[in-house]
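Report on the structure given below.
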Amino acid sequence: MSIHVVVMGVAGCGKSTVAEAIHERLGYAYAEGDDFHPQANIDKMSAGIPLTDEDRWPWLNVINSWMVAREALGENTVVSSSALKRSYREVLAKDVPTFFIHLNGSHELIQQRLSERKGHFMPPALLPSQFAILEPLAPEENGVEISIEGSVDEMVDRAIEALNAYAATVAATVAAQTAAQAA
Ligand SMILES: Nc1ncnc2c1ncn2[C@@H]1O[C@H](COP(=O)(O)OP(=O)(O)OP(=O)(O)O)[C@@H](O)[C@H]1O
Ligand SMILES: O=C(O)[C@H](O)[C@@H](O)[C@H](O)[C@H](O)CO
C-alpha cells in the first residue's frame, strides 16, 4: 500500500513549500495542485472572484485521478490542494488511502506572507473567502493539523515528523496483514 499525502489549507499557508520539501526529502512523486486547475478557474481567481463548488469538483477529480494512477504504480505521492471542505477531501480520497496535512495559522500571519509573495496569480484579497469556507479536519478524518508558525525549516520538520508517524502506522498495518496471510 502506497502513501498519498495532500498538503491542505487556505491560499498562502505554505502548501507548495511543504509539499516540495516532502518530495525532496522523502522522494514522493509530487504535483502542484494549482497546475490541475482549468484556465477558467485561474482566470476567475486572478480577477479576484472566489471559486464555487461547481468550479472545484472537476479540479478535485483530476487530482484524485492523478493519485489513483500513481497508487496503481505503487508510488507514494504528495500534492498541494487547498481541500477546504470535507466534501472536497472526500473527492480527493476516493479509492485511494489519503493522509491530509492541514497547515494552520492565523489570518494575520497568512495575509502577511501572501502580501510579501511575488509573481503568483492568487490575490491576497481572496484570503477571507478561503477562511470563510474552511472546514478543519474532523477527528475521524485521516490527517493532522500542524502550525505554520516559525521558519520554513521548523514548519517542514513538523510536517515530516507527522508524516513519518503516519507512515509507521501504515507499515505496521501492512506487516500485520502479511503475517496474517502467512499464518
Ligand atoms: N514558515 C514560513 N516562514 C516564512 N515564509 C513562509 C513560510 N511558509 C511559507 N512561506 C512563504 O509564504 C508564501 C506562501 O507559501 P506557499 O506559496 O508555499 O503557499 P501555498 O499554500 O502553496 O499558496 P497557494 O495556495 O496560493 O498556492 C511564499 O512566499 C512562501 O515562501
Ligand atoms: O480552492 C480554491 O479556492 C483554490 O484551490 C485556491 O485555494 C488556490 O488554487 C490556491 O490556494 C492558490 O492560491
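What you are looking at is a predicted structure, and each value in this text was computed from that prediction instead of being measured. We count ligands from 1, going down the list as the structure has it; atoms in each ligand are counted the same way.
Ranking protein heavy atoms by distance to atom 10 (C) of ligand 2, first place goes to D34 OD1, 3.4 Å. The protein heavy atom nearest to atom 25 (O) of ligand 1 is K15 NZ, 2.6 Å. The single protein non-hydrogen atom nearest to atom 14 (C) of ligand 1 is G12 O, 3.5 Å, given as residue, atom name and distance. Counting only heavy atoms of the protein, atom 19 (O) of ligand 1 lies nearest to G14 N, 3.1 Å. Nearest non-hydrogen protein atom to atom 1 (O) of ligand 2 is R56 NE, 2.7 Å. The protein atom (non-hydrogen) at minimum distance from atom 31 (O) of ligand 1 is T17 OG1, 4.3 Å.
Considering M45, R117, H120, Q112 only, the shortest heavy-atom separation from atom 28 (C) of ligand 1 involves R117. Closest heavy-atom approach to atom 6 (C) of ligand 2 within the set M8, R117, Q130, K44: this belongs to Q130. Residue R113 holds the heavy atom nearest to atom 10 (N) of ligand 1 of all those in E20, E154, R113.
Put simply, the side chain of S106 reaches to within 4.5 Å of the side chain of L109, judged on heavy atoms. I110 is listed as a side-chain neighbour of V10, based on a closest heavy-atom distance under 4.5 Å. Between S16 and E32, some side-chain heavy-atom pair lies under the 4.5 Å cut-off. At a threshold of 4.5 Å between non-hydrogen side-chain atoms, the residues K85 and D53 count as touching. Residues L60 and S81 are in side-chain contact: their nearest non-hydrogen atoms beyond the backbone lie under 4.5 Å apart. In this structure the side chain of P136 reaches within 4.5 angstrom of the side chain of E145, judged on heavy atoms.
A heavy-atom separation below 4.0 Å is found between S151 and ligand 1. Within the structure, the closest approach of G150 to ligand 1 falls below 4.0 Å when heavy atoms are considered. Within the structure, the closest approach of W59 to ligand 2 falls below 4.0 Å when heavy atoms are considered. Within the structure, ligand 1 has C13 among the residues with a heavy atom less than 4.0 angstrom away.
Counting atoms of ligand 2 from 1 in the listed order, those under 4.0 Å from a heavy atom of H120 are 12 (C), 13 (O). Counting the atoms of ligand 2 from 1 in the order shown, those under 4.0 Å from a heavy atom of H37 are 4 (C), 5 (O), 9 (O). Set against the non-hydrogen atoms of K15, the atoms of ligand 2 under 4.0 Å away are 11 (O). Near M45, the atoms of ligand 2 lying under 4.0 angstrom from a non-hydrogen atom of the residue are 4 (C), 6 (C), 8 (C), 9 (O). With ligand atoms numbered from 1 in the order given, ligand 1 contributes 1 (N) to contacts under 4.0 Å with heavy atoms of I148.
An N or O contact shorter than 3.5 Å is missing between M122 and ligand 1 by distance. Polar contact with ligand 1: absent for E32 (N/O pair, distance under 3.5 Å).
For the pair R86 and E90, the salt-bridge criterion is met [side-chain N within less than 4.0 Å of a carboxylate O]. At a threshold of 4.0 Å, the pair R158-D153 does not count as salt-bridged, since none of the basic side-chain nitrogens sits closer than that to a carboxylate oxygen.
Here S82 has side-chain heavy atoms under 4.0 Å from ligand 2, and that is the only part of it that gets that close. Proximity of E116 to ligand 1, defined as any heavy-atom pair under 4.0 Å, is not found for any part of the residue. Only the side chain of M155 comes within contact range of ligand 1, with a heavy atom under 4.0 Å; no backbone atom does. At a heavy-atom cutoff of 4.0 Å, ligand 1 is contacted by the side chain of D34 but not by its backbone.
Pairing each heavy atom of M8 with each of S82, the nearest pair is CB-O, 3.5 Å. R89 and A83 get closest at one heavy-atom pair: NH1-O, 2.9 Å.
Between H107 and F131, the ring planes are parallel. Angles under 30° get that label, and only those over 60° would be called perpendicular.
For the pair N64 (side chain) and K94 (backbone), a donor-acceptor distance under 3.5 Å is present. Side chain of H102 to backbone of N104: no donor-acceptor contact under 3.5 angstrom is found. A distance-only check finds no donor-acceptor pair linking the side chain of N41 to the backbone of H37 [under 3.5 Å].
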